[in-house]
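This report concerns only the one structure given below.
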Amino acid sequence: MMQTAALFGSDYPALGDVGVVTLAESTAAAISRGRFPKGYPHVDPNEDAVALAVSDDARLLAVADGHNGFEAAKAAIEAVLEVAGTLVVDADLGSALQSASSAIALAVQDLAPPRSESRSALSLALISDGILHTATAGDTVVVVIRDGHVRVFGGSEPFLGPDLDTEPPVSSLALEPGDLVVVASDGLPDFLGRGWPARLAGLASESAEVFVRAAVAAAFAGGAGDNVAVAATLLLPLAGEVAPGLWPTSLG
């Protein structure tokens, strides 16, 4: 049986408010409008969204960052949750991104400008059988933290929307017990500042909820003039052997 949870920015429009949800103790998500108003033109105060899906043998993290309104991010996350059960079986994250793009097109087709131009970044992290599968579109990211070292996926691919004409890349990585897998909107690295991967690694905790709360607090301390959404899951020791993956010997 799969448990799911989602946090939508439209439910957290107040500066400084933080929404948190936890599933299965080792998996959590947080969202906030930010500490200060956005310093750039925008439609809605909080256009991020984040979701979790957890079953006995798999976990899925998803984060979206909408532009020109929250509709695109909401549609993307809802589309991902709708196919979450299938993703656990086939790990076809490319298809999930296409489903999210189609959902965005449907959600904005009858809206007036600028909402009709709403697009969304989206990052997915699926963990199954000790393997991490990632897919990213736009400027959201997937991060893996292992013993102080950091691997970052995504951050610059085309945004999802009705006019998506390229398929964002999909990657995979063998995980090990103790790894912390994170998805985040750009508000987190932007306000952690230069060297943000090292700062994020320094927040690593044995509690996913403690980590996501600390990540949002760190963004606030950095000025957080943008929305922040983050989800994390901690790989606890699993039954059976988990194949080691290739890993950088230095932070990067």
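Nothing fancy with the numbering, it's 1 onward along the sequence.
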Can you list the steps and then say if Val80 with Glu78 is a side chain to side chain contact (heavy atoms under 4.5 Å, CB included)?
CA-CA 5 Å; Val80 169; Glu78 289 178 339; over 6 Å; no
Leu180 and Phe211: side chain to side chain contact (heavy atoms under 4.5 Å, CB included), yes or no, with the steps?
CA-CA 10 Å; Leu180 184 65; Phe211 173 81; 3.7 Å; yes
Contact summary for Pro158 and Ala137, nearest pair of heavy atoms
O-CB, 3.3 Å
Return yes if some donor-acceptor pair links the side-chain N/O of Asp90 with the main-chain N/O of Asp92 below 3.5 Å, else return no.
yes
Taking all non-hydrogen atoms of both residues into account, name the closest pair between Leu124 and Ala96 and its distance.
CD1-CB, 3.9 Å
Salt bridge present between Glu117 and Arg119 (N-O < 4.0 angstrom)
yes
Testing Asp48, Thr140, Asp139, Asp65 one by one against Ser185 for a side chain to side chain donor-acceptor pair (under 3.5 Å), which residue passes?
Asp48
Could you measure the distance from the CG atom of Leu200 to the CD1 atom of Ile145? Nearest 0.5 Å is fine.
4.0 Å
Could you check if a side-chain atom of Leu160 sits within less than 4.5 angstrom of a side-chain atom of Leu97, using non-hydrogen atoms only?
yes
Any side-chain heavy atom of Val152 sitting closer than 4.5 Å to one from Val144?
no
Indicate, with yes or no, if Val83 and Ile77 share a hydrophobic cluster defined by side-chain heavy-atom contacts under 4.5 Å among Ile, Leu, Val, Met, Phe, Trp and Tyr.
yes
Kindly state each residue pair satisfying side-chain hydrogen bond (donor to acceptor under 3.5 Å, both in side chains) with at least one member in residues 209-230, sequence neighbours excluded.
Thr22-Glu209, Lys38-Asn227, Tyr40-Asp226, Glu209-Arg213
With sequence neighbours left out, which residue pairs that include part of residues 188-204 fulfil the side-chain hydrogen bond (donor to acceptor under 3.5 Å, both in side chains) condition?
none
My understanding is that only residues two or more places apart in sequence, or in another chain, count here; which of them pass side chain to side chain contact (heavy atoms under 4.5 Å, CB included) with Tyr12?
Leu7, Ile31, Asn46
Residue pair Ala107 / Ala75: nearest heavy atoms and the distance that separates them:
CB-CB, 3.8 Å
Is there a path of hydrophobic side-chain contacts, each under 4.5 Å between heavy atoms of I, L, V, M, F, W or Y residues, that connects Leu15 with Phe220?
no
Are any of the side-chain heavy atoms of Arg151 and Val143 separated by less than 4.5 Å?
no
Aromatic Phe191 / basic Arg35 pairing, under 6.0 angstrom, 45° off normal
no
Distance col, row Thr27:OG1 vs Leu234:CG, nearest 0.5 angstrom, shows 8.5 Å
How many angstroms lie between atom NZ of Lys74 and atom CD1 of Ile104, to the nearest 0.5 angstrom?
12.5 Å
Would you check if Arg59 and Leu126 make a side-chain contact, meaning some heavy-atom pair closer than 4.5 Å?
no
What is the minimum heavy-atom distance between Ala125 and Val183, and which atoms define it?
CB-CG1, 3.7 Å
Derivation and outcome, side chain to side chain contact (heavy atoms under 4.5 Å, CB included), residues Arg115 and Val43
CA-CA 8 Å; Arg115 293 186 185 276; Val43 175; 3.5 Å; yes
Hey, does Ile131 have a side-chain heavy atom less than 4.5 Å from the side chain of Leu173?
no
Between Val20 and Val228, is there a shared hydrophobic cluster once you connect ILVMFWY residues whose side-chain heavy atoms come closer than 4.5 Å?
yes
State the OG-CD distance between Ser55 and Gln3, to the nearest 0.5 angstrom.
9.5 Å
Return yes if some donor-acceptor pair links the side-chain N/O of Asp44 with the main-chain N/O of Glu47 below 3.5 Å, else return no.
no
What is the distance from atom OG of Ser171 to atom CG of Leu93, rounded to the nearest 0.5 Å?
10.0 Å
Using only atom types and a distance under 3.5 Å, with no angle test, would you say the side chain of Ser120 pairs donor to acceptor with the backbone of Leu122?
no
4.5 Å side-chain heavy-atom contact, Val230 and Val182
yes
Which heavy atom of Ala49 sits nearest to which heavy atom of Ala73, and what is that distance?
CB-O, 4.1 Å
Taking the side chain as every heavy atom from C-beta outward, state whether Leu111 and Gln109 have any atom pair closer than 4.5 Å.
no
Determine, using the 4.5 Å side-chain heavy-atom cutoff (strictly less than), whether Val216 and Val210 are members of one ILVMFWY cluster.
no
Please test Thr136 against Ser123 for side-chain hydrogen bond (donor to acceptor under 3.5 Å, both in side chains), starting from the C-alpha separation and ending with a verdict.
CA-CA 4 Å; Thr136 62; Ser123 284; 4.9 Å; no
Restricting to non-hydrogen atoms, name the atom on Leu61 and the atom on Val181 that form the minimum distance, rounded to 0.1 Å.
CD1-O, 3.6 Å
Working to the nearest 0.5 Å, report the span between OG of Ser101 and CG of Leu106.
11.5 Å
